[in-house]
Amino acid sequence: MGPEAAALLGGLAGLLLAAELAFFALYWCPRRAAWNAQPCSPHAPARLDAHDLFRRFVAAGDAIPELTNLSAYISLWFQGTPLSEVRRGNMGGLMAYGFWYRTPQQMEAAGLGHVPVQMVDELERAWRHTFPPGYTKNAAVMSHMWDDLKVQYRPLAFYVAVELAALLTWGAMLAMGFRRRRLGGIIYYTRGFDRRAAAAGPAAAGPAPVLFLHGVGGLLIYLDLIWRIAALDGPVLAVDVRHVGMRLSPRIPCVDEMTSEIRAILDAERVDKACVVGHSYGTLVASRLVKRFPSRLHSLVLVDPVCFGMYMPHLLHNFFYRRLAIDFKRPKQLLLDLLVHFASRDLHLAAAFSRRFYWSDVIMWPEELPPGSTVVLGADDDLVHADEVNDMLRHVCGNTVNVHYAPGMFHGAFLVFPGVRQLVVRAIAAAARSAACDSGALTASAQERAAPPTRVTGVAAEAEAAAVVLALGLEELGGGAAAVDEAPDAAAKGASAAADAGAAKRAADAAAGAAKRAAAPRAARSLGARLLSIGAKRRVGAAAVVPAAAPEDLRAAHSEGSSSATSSDTEPGADAAAAAGEAVLPRRCAAAVRRAATAGCAAAGGGKALGEADADGALGGGAAGQALAGELRQLLLRSGTAPPQQQQQRDQQQPESAAPRPARRSMSVTMLALST
């Protein structure tokens, strides 16, 4: 090699080194620092019903108890800690993180410190296992949303190669007849329809448009599958998600932002309903799309779905926390482990899975699957509990969902083996040509979930629900207010005025109508639970039906109160109440309140069993009514859900009749009863 060539190579090496250093200093380090930071406090979804989430979690284990290997399940969540060393304090921390996205200290600060303890109690009953008291310091839970991003540096040359692969994908898609389009910050490809066509879209006689959502690696590895889908002679729309393809990305959108962009694409292309096909990460987007915009769904095909059973530890452990073991005796498994490890350490993917990634939003519960959906599982999938998901879907969904279980197949096997790929193509063809699923029920469910949430769940949400529904029903009392912002004052006036029999009946009837018009199922259930709790606490329940799921201590309190019931026109315990200076409701008025709670809960979806709450005495007037109103006001102020003008006076004025701590505990126990 001559001196000129050596000098040229040296200069080129210097330029490459300078470019690498500039990339590291100006892109990789700033992006890592920005994406590693916690995006919000608390790092939690905007809408969260932790009690419903916990109820579903417990019910999933109760449905097929033999599916749960408790020792392996708990040990994986605590990064290999033996089950015998996991104590109640550790499980309480897992409950706070997993269902509330908070630390135990944050739960205490929110007045919910007792809730994780009660959740552990419920798990011990459900799992028939007792966790020893205490806390094991070395039992670290997999808290990827709080941990530092688990990333490894990728050189500039890698991202240059990925961009060249993206150009190759563009060319291949053009060769297959696709057109490349951009909407906002997202790229997608279309084939088989023109957005300038009539609003009616493709002919009804043909297959439904297929919306393909890819997994990690980008569209390049799916080109053969996309070609086979295009050969079905139906419209095809393939979304290219930059960060999931490990490409340089200026932003990492959360799943909700992605689904909003996809809906905008469907609108731009005049696609009314689409056959949604998702693989791996794409199934998470598909799950959220079905929940948020079910009316846009024609049918659903999920391949290697990571959206099921996300409370199981396999996905998180094997993608982020498993140590890479080099075992040349198992070459296939070693290759798969290397691919997963390499992909999971990419900066963009790590940020996508660890920041603003809420499992409670993207999980697909079996009962939420649209009828006629198709699920393709690989028995040897290393990221999915395939056996458990297969049994769960068949147990819960029966014949309403088509489940294909491929023995011996690993995650993404259809990209390698033609036989499995043909199975997937046939499933997509059948789904696209099938009748559109009935999205009416799905749409109603989505609207229900999209109802404005309370700012704080748990005790505060329960108190707010009771105050709001009561306030809405007190218009006919003259002193009450229908405005939600005036709920605490209306509750105070209404509880006092309801000592009059006629006024109480009118309030009950109005509350029933208000619940039908305004109360979400969660609010209605919360009101039913509140009335049951108060009735049992005051021992005035004579004829009410206690839900079978009520905790033993609550049922015992109800039975003890019922034993003193009489057939007189006044409530049981009236003499004791009168001695304390409290006015009580006549039996006919309490029955009207109970009917209102039943009608409101049933009309809002809560069911009659929960609606038949023990409302006797719940709206007792006089001192009892003022105590109830003060308790509601105190809880609302503490949670930050009170009207702004009252919130500003929080530090200057002491709320009336602050509730004692045992009452708060009773209410949360009742809420946990709804979760079992």
Side-chain angles (χ1 to χ4, degrees), residues 53-77 98 126-127 142 213 215-216 255 276-291 299-320 322 336 340 353 357-415 420 423-424 427-428 431:
L53 202 63
F54 182 72
R55 176 188 62 80
R56 289 188 170 196
F57 167 70
V58 174
D62 288 343
I64 318 177
E66 64 272 14
L67 291 184
T68 304
N69 182 336
L70 185 62
S71 178
Y73 182 91
I74 297 299
S75 180
L76 272 184
W77 270 115
W127 291 348
M142 294 190 295
L213 304 170
V216 173
V255 176
V276 180
V277 179
H279 173 246
S280 191
Y281 181 87
T283 64
L284 301 173
V285 182
S287 171
R288 193 61 177 156
L289 190 67
V290 170
K291 292 182 179 183
S299 46
L300 181 65
V301 179
L302 303 175
V303 185
D304 295 336
V306 295
C307 58
F308 292 110
M310 295 192 70
Y311 46 82
M312 301 177 185
H314 257 51
L315 174 62
L316 188 58
H317 177 267
N318 292 352
F319 198 72
F320 279 130
R322 181 175 57 183
L336 293 174
V340 170
F353 277 104
F357 181 82
Y358 308 116
W359 76 274
S360 54
D361 282 349
V362 297
I363 186 174
M364 175 68 77
W365 299 96
E367 60 270 20
E368 294 177 336
L369 269 176
S373 298
T374 300
V375 179
V376 181
L377 294 164
D380 290 346
D381 196 323
D382 212 26
L383 299 179
V384 179
H385 294 252
D387 292 338
E388 290 91 333
V389 171
N390 179 45
D391 291 344
M392 181 172 59
L393 292 178
R394 296 183 185 279
H395 177 84
V396 176
C397 303
N399 296 327
T400 64
V401 173
N402 306 308
V403 181
H404 299 279
Y405 186 74
M409 293 297 102
F410 50 85
H411 197 86
F414 75 97
L415 298 172
V420 185
L423 183 151
V424 172
I428 295 173

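The main-chain N or O of Leu383 is never found under 3.5 Å from a side-chain atom of Asn318 such that the two would form a donor-acceptor pair. Formation of a donor-acceptor pair under 3.5 Å by the Thr283 side chain with backbone atoms of Pro305 is not found in this model. With hydrogens and angles ignored, the 3.5 Å screen pairs no side-chain donor or acceptor of Thr400 with any backbone N or O of Pro371. With hydrogens and angles disregarded, a donor-acceptor distance shorter than 3.5 Å links the side chain of Ser287 to the backbone of Val362. No donor-acceptor pair under 3.5 Å is formed between the side chain of Trp365 and the backbone N or O of Ala60. Judged purely by atom type and a 3.5 angstrom limit, His411 has no side-chain atom pairing as donor or acceptor with the backbone of Val384.
Counting heavy atoms from C-beta outward, Leu316 and Trp359 have side chains that stay 4.5 Å or more apart. Contact check for Val255 versus Tyr281: side-chain heavy atoms found under the 4.5 Å cut-off. Proximity of Glu368 to Arg56: side-chain heavy atoms (C-beta onward) are separated by under 4.5 Å at one or more points. A heavy-atom distance below 4.5 Å is not found between the side chains of Val376 and Phe414. Lys291 has its side chain within reach of Ile363: a pair of non-hydrogen atoms, C-beta onward, lies under 4.5 Å apart. Using a 4.5 Å heavy-atom threshold, the side chains of Tyr311 and Tyr73 count as touching. Between Val375 and Leu393 the shortest side-chain heavy-atom distance falls below 4.5 Å. Annotation: side chain of Leu302 is in contact with side chain of Leu369 (closest heavy-atom distance under 4.5 Å).
Atom OH of Tyr358 and atom CZ of Arg288 lie 11.0 Å apart (nearest 0.5 Å). In this structure, the separation between CG on Leu284 and CG on Leu289 is 12.5 Å, given to the nearest 0.5 Å. Annotation: the span from Phe353 atom CZ to Phe320 atom CZ amounts to 6.5 Å, rounded to 0.5 Å. Atom CG of Asp382 sits about 4.5 Å away from atom CZ of Arg322, to the nearest 0.5 Å. Summarising the geometry, atom CZ belonging to Phe410 is positioned 9.5 Å from atom CG belonging to Asp380; distances are rounded to the nearest 0.5 Å. The structure places CG of Leu213 at 12.0 Å from NE2 of His279, a figure rounded to the nearest 0.5 Å.
Between Met364 and Phe308 the shortest heavy-atom distance is O-CD2, 3.1 Å. Closest of all the heavy-atom pairs between Val306 and Ser280 is CG2-O, 3.3 Å. Of all non-hydrogen atoms in Met392 and Gly309, the two that sit nearest each other are CE-N, 4.4 Å. Closest non-hydrogen pair, Asp304 versus Gly378, comes out as OD1-N, 4.1 Å. Closest of all the heavy-atom pairs between Ser373 and Pro370 is OG-O, 2.6 Å. Residues Met142 and Leu76 approach most closely at CE-O, 3.4 Å, considering heavy atoms.
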